[in-house]
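Every number for a ligand or one of its atoms is a count from 1 in the order of the listing.
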Amino acid sequence: MHTAIYPGSFDPVTRGHLDIIERAAKTTDKLIVAVLNNGAKNSLFSVEERVKMLEEETKDIPNVEIRSFNGLLVEFAAQCDAHVIIRGLRAITDFEYELQMAQTNRVLNHNIDTLFLTADLKYSYVSSSTVKEVARFGGDISSFVTPNIANYVMKKFTIHSESK
Ligand code: PNS
C-alpha cells in the first residue's frame, strides 16, 4: 500500500489546505494528514481541536486519516511507512522555505521524498495567518475557510474578546 503524508500546522485548516488534501488523496492509497503538535503556545487552536476540525472537513474522503505528531516529521513519516511528503506551493515566496525543508528532510531520511502540489489559483493567497488576522478584526473569512471552520474561528475570537 502506498502511503503519503501531508504535514502542517493547520491552525486552522483553510480551503487551500482542503483542496490540496482532496487532490493528494487521489494520488495515493492512503493520505495521512499530520498535524504538528507544537504545544499550542502560538496556536489559536489546540492540536486536538485542529485534528477534530480536519476530521470533520475530510469525513467524506475515505482514504484520508488525520493524525498528530511531535518531533521530526521524517521520523513520524517512517513510523507511518510513508515515503512521500506532500506540500502545497502557493507562490514563489513559499519556495525557499519549502526547498530548505525538503532538502533537510531528504538528508535526514533518504527514503522519503517531498512532492509539491501547486495551490489552486483561487486559493494562492490564502493562509491560516491571514484567516486569523481578518477574523481578529471582525472581517468576513468565508472565502478562506468552510462555514464549519469559520464558526470555530469566530467562537475563539468571541471568547477572547469577552474575556478581556
Ligand atoms: O503548515 P506549516 O506550519 O508550514 O508546516 C510546517 C511543518 C509542520 C511541515 C514543519 O514545521 C515540520 O515538519 N515540523 C516538524 C519538525 C521537523 O521535522 N523539522 C525538520 C524539517 S526543517
Side-chain angles (χ1 to χ4, degrees), residues 2-25 27-28 30-58 61 64-136 141 143-146 148-150 152-153 156:
H2 181 269
T3 302
I5 191 160
Y6 177 41
S9 304
F10 305 107
D11 184 45
V13 60
T14 66
R15 289 186 188 273
H17 293 132
L18 292 173
D19 174 60
I20 297 284
I21 292 171
E22 270 172 37
R23 287 157 58 204
T27 70
T28 184
K30 180 171 163 186
L31 180 71
I32 295 176
V33 180
V35 183
L36 179 67
N37 186 354
N38 43 8
K41 270 185 233 126
N42 307 312
S43 305
L44 180 61
F45 293 96
S46 69
V47 70
E48 293 80 11
E49 290 171 322
R50 287 179 277 147
V51 165
K52 181 170 180 272
M53 289 188 286
L54 274 157
E55 281 171 351
E56 289 173 4
E57 294 300 317
T58 60
I61 316 175
V64 169
E65 185 181 317
I66 315 297
R67 306 267 304 266
S68 63
F69 76 104
N70 285 299
L72 284 180
L73 172 63
V74 286
E75 286 180 4
F76 182 65
Q79 276 170 34
C80 300
D81 205 23
H83 297 272
V84 168
I85 296 168
I86 303 283
R87 290 287 288 172
L89 279 179
R90 291 167 301 187
I92 193 74
T93 41
D94 282 342
F95 186 70
E96 200 168 327
Y97 168 64
E98 293 297 335
L99 180 66
Q100 191 181 28
M101 213 160 48
Q103 302 287 34
T104 307
N105 285 335
R106 188 146 165 74
V107 169
L108 291 172
N109 188 331
H110 226 67
N111 295 316
I112 300 178
D113 267 306
T114 301
L115 291 187
F116 293 106
L117 289 183
T118 51
D120 190 292
L121 264 186
K122 59 181 180 291
Y123 304 126
S124 61
Y125 63 93
V126 176
S127 74
S128 300
S129 311
T130 53
V131 168
K132 288 178 277 192
E133 177 84 359
V134 173
R136 181 171 290 121
I141 55 172
S143 302
F144 320 131
V145 295
T146 64
N148 179 38
I149 301 299
Y152 283 109
V153 175
K156 281 275 174 194

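- Annotation: atom 22 (S) of ligand 1 to nearest protein heavy atom, Met101 CG, 3.5 Å.
- Considering only non-hydrogen protein atoms, atom 6 (C) of ligand 1 sits nearest to Tyr97 OH, 3.7 Å.
- For atom 1 (O) of ligand 1, the nearest non-hydrogen atom from the set Ala34, Ser9, Ala102 comes from Ser9.
- The heavy-atom pair separating Leu36 from Arg50 by the smallest distance is O-NH1, 3.0 Å.
- In this structure, the protein non-hydrogen atom closest to atom 19 (N) of ligand 1 is Leu72 CD2, 4.0 Å.
- Nearest protein heavy-atom neighbour of atom 9 (C) of ligand 1: Arg87 NH1, 3.5 Å.
- Proximity of Arg90 to Ser127: side-chain heavy atoms (C-beta onward) are separated by under 4.5 Å at one or more points.
- Nearest protein heavy-atom contact of atom 15 (C) of ligand 1 is Gly71 O, 3.4 Å.
- We find the CZ-CG distance between Phe76 and Leu73 to be 8.5 Å, quoted to the nearest 0.5 Å.
- Val84 places a side-chain heavy atom less than 4.5 Å from the side chain of His2.
- Enclosure of atom CZ in Phe95 is not indicated, since only 12 or fewer non-hydrogen atoms of other residues, nucleotides or ligands lie within 6.0 angstrom.
- Ranked by closest heavy atom to atom 20 (C) of ligand 1, the top entry among Asn105, Asp94, Leu73 is Asn105.
- Summarising the geometry of Ile5 relative to Ala77, their closest heavy-atom pair is CD1-CA, 4.0 Å, with the distance given to 0.1 Å.
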